[in-house]
There are 2 protein chains.
Amino acid sequence: MDHVTRILDQWHRERPDLDVAPMGLLGRLGRLHAHLSREIEAELAAHGLNRASFDVLATLRRAGHPHRLSPGDLLAATMVTSGTMTNRIDQLEKQGLVERIAHPEDRRSVLIGLTDKGFATIDRAVTAHVANQHRLTAALTAAEFEALDALLSRYLSAFEEKG
Amino acid sequence: MDHVTRILDQWHRERPDLDVAPMGLLGRLGRLHAHLSREIEAELAAHGLNRASFDVLATLRRAGHPHRLSPGDLLAATMVTSGTMTNRIDQLEKQGLVERIAHPEDRRSVLIGLTDKGFATIDRAVTAHVANQHRLTAALTAAEFEALDALLSRYLSAFEEKG
DNA sequence: TCCAATTATCTTGACGTCAAGATATTCGGA
DNA sequence: TCCGAATATCTTGACGTCAAGATAATTGGA
């Protein structure tokens, strides 16, 4: 019996009027996310990164040459607010991993570019990160993996438009 | 094509050496968690609570009469550090939802008890919260719900001991 | 041409969390 | 009985995030 099941049992005893089946599913998803996040953060720390800085560098890296995007582009890719993105860029700039470059056509804007050091760092980090993700999903059989991925994708579609 | 699929396509183009299937599954789980968390926080705010305070009150409520637990007990139930729990209790105490009571047998410890106001608040909030969870899982058919819950449970067992 | 609306980014102040360590009490072996 | 180890909670300082709003530049209609 897992942690979430115990919680459901307690609710059933104290508030039998509640149907807590959705709480079970959402609770398991939440705890799973917490465990996975912890593991991923620990691995990224070995590269001097956290999830926040990794996500920004990864977004620039996978955008392809010349590895430059505006803060607004980065914002659209990461589910955070503009103030958070400003702070993330500030930290990465201090570490010498990205640089702010004047936008050639719009003086309101700016381009965030990977430095050579930033490129080397993210390429190393993403290789290790992907290996870690394989490790973290190794507990699932191939069939379970496919089924879970399909269900998550299906569920996610309720929150994100299909394009 | 969802947001995560676009990310995988980009990695495939830029780093074809990486097998990003696990990134897809973990990315979908992460985004789903983010969407669900946002919805749940918004609903709890209507009761003057956030996820943190709700979890503490809910733990006390479902523990049953006399609705008192030590900070250590609360800690074991919530995946946070001791400093975080101290802060949560402080905030709830300020709001008059819980009270600190001297532990009768161990002067190092203390009991956190629901006040009448705290009891009324959590009973109202959990009813609304459960209704909201039903809404948030309504996109899934009964079969999908069962399959997803089973797979999450199975995956979670890789991180939490069975008892 | 002008200026109000829009767009893009940054600033500010508050909040929740964590890691590390401080403080106080209890436990248990010599 | 004594005292070092263990236990329980709290404190401190740093960090990442958000909401709201400030600043600056661009756009488009009159």
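Here D:dT9 presents its C1' atom at 15 Å from CG of B:L69, a figure rounded to the nearest Å. Distance A:H103 NE2 to C:dT7 P: 16 Å, rounded to the nearest Å. At whole-Å resolution of the value, CZ in A:R88 and C1' in C:dT9 are 16 Å apart. With rounding to whole Å, A:L75 atom CG is found 13 Å from D:dT17 atom C1'. Rounding to whole angstrom units, CG of residue A:D73 and C1' of C:dT9 are separated by 13 Å. Remark: P of D:dT9 and CD1 of B:I89 are 8 Å apart, rounded to the nearest angstrom. Per the geometry, CD1 belonging to B:I112 stands 12 Å off C1' belonging to D:dA8, to the nearest Å. Per the geometry, CG belonging to A:D106 stands 6 Å off P belonging to D:dT26, to the nearest Å.
Of the side-chain N and O atoms in B:R107, none sit less than 4.0 angstrom from OP1 or OP2 of C:dA24. Between A:T81 and D:dA19, a side-chain N or O to OP1/OP2 separation shorter than 4.0 Å is absent. The phosphate of C:dT11 has neither OP1 nor OP2 within less than 4.0 Å of any side-chain N or O from A:T86. Taking side-chain N and O atoms only, A:N50 has a distance below 4.0 Å to OP1 or OP2 of D:dG16. Close to C:dT17, at under 4.0 Å from its OP1 or OP2, lies no side-chain N or O of B:T84. The phosphate of D:dC10 has OP1 or OP2 within less than 4.0 Å of a side-chain N or O from B:R100.
A:T84 has its side chain within reach of A:R88: a pair of non-hydrogen atoms, C-beta onward, lies under 4.5 Å apart.
Comment: B:D55 engages B:R51 in a salt bridge, judged by a side-chain N to carboxylate O separation of less than 4.0 angstrom. With respect to A:R135 and A:E39, a salt bridge is recorded, a charged nitrogen being found less than 4.0 Å from a carboxylate O. At a threshold of 4.0 Å, the pair A:D123-B:R15 counts as salt-bridged, since one of the basic side-chain nitrogens sits closer than that to a carboxylate oxygen.
Across all strands shown, B:G83 has heavy atoms under 4.0 Å from base atoms, whether or not it also approaches the sugar-phosphate. Across all strands, B:R51 comes closer than 4.0 Å to no nucleic acid atom at all (heavy-atom distances). Note on A:S109: only backbone sugar-phosphate atoms sit closer than 4.0 angstrom, heavy atoms only; bases stay farther off.
Nearest-nucleotide mapping onto DNA chain D: of A:S82 and A:R108, the residue sitting toward the 5' end is A:S82.
Note: A:H35 and B:F159 have parallel aromatic rings, judged against thresholds of 30 and 60 degrees for the angle between ring planes.
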